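Take a look at the structure set out below.
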Amino acid sequence: MYVCLCNAVTDSQIRQAVENGATRMCDLRAELGVASECGKCACCANQLRKETLQQMSACHPGRAVA
């Protein structure tokens with residue numbers, strides 16, 4: 001689903017970016033442009049970021065995740 005309509009960013013793109021190391025919102029903004037225009041997607045994007053980080057830490061318990 002599209003999360004950021006201004007920059008045509010999907011939830012899959014956000015999850016992939018987090019898995020590739022974009023662990024902060026400023027990383028997602030720099031890489032994908034999320035929340036850089038109107039900002040309406042910021043809450044949803046941040047929630048996806050947090051969920052992905054939680055899933056990553058559950059799958060890799062010894063891995064340090066920010």
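Keep in mind that this is a model prediction, so the values were computed, not measured.
Under the side-chain contact (heavy atoms from CB on, under 4.5 Å) criterion, Asp11 pairs with Met1, Val3, Arg15, Leu48, sequence neighbours left out.
Taking hydrophobic clusters as Ile, Leu, Val, Met, Phe, Trp and Tyr residues chained together by side-chain heavy-atom distances below 4.5 Å, Met25 shares a cluster with Leu53.
Between Cys41 and Val34, some side-chain heavy-atom pair lies under the 4.5 Å cut-off. Cys26 has its side chain within reach of Arg29: a pair of non-hydrogen atoms, C-beta onward, lies under 4.5 Å apart.
Remark: Gln54 CD to Arg49 CZ distance equals 10.0 Å, nearest 0.5 Å. Here the CG-CD distance, from Asn20 to Gln13, works out to 12.0 Å after rounding to the nearest 0.5 Å. Distance OG/Ser12 to OH/Tyr2: 10.5 Å, rounded to 0.5 Å.
The backbone N or O of Thr23 sits less than 3.5 Å from a side-chain atom of Asp27, completing a donor-acceptor pair.
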Taking it one step at a time, do Leu28 and Arg24 satisfy side chain to side chain contact (heavy atoms under 4.5 Å, CB included)? CA-CA 7 Å; Leu28 291 175; Arg24 302 175 300 163; over 6 Å; no
Residue pair Gln55, Glu51: steps toward the side chain to side chain donor-acceptor pair (under 3.5 Å) verdict: CA-CA 6 Å; Gln55 290 169 356; Glu51 288 172 6; 5.4 Å; no
Begin with the C-alpha distance, continue with both residues' side-chain angles, and end with the deciding distance and a verdict on side chain to side chain contact (heavy atoms under 4.5 Å, CB included) for Leu32 and Asn7. CA-CA 8 Å; Leu32 301 172; Asn7 292 301; over 6 Å; no
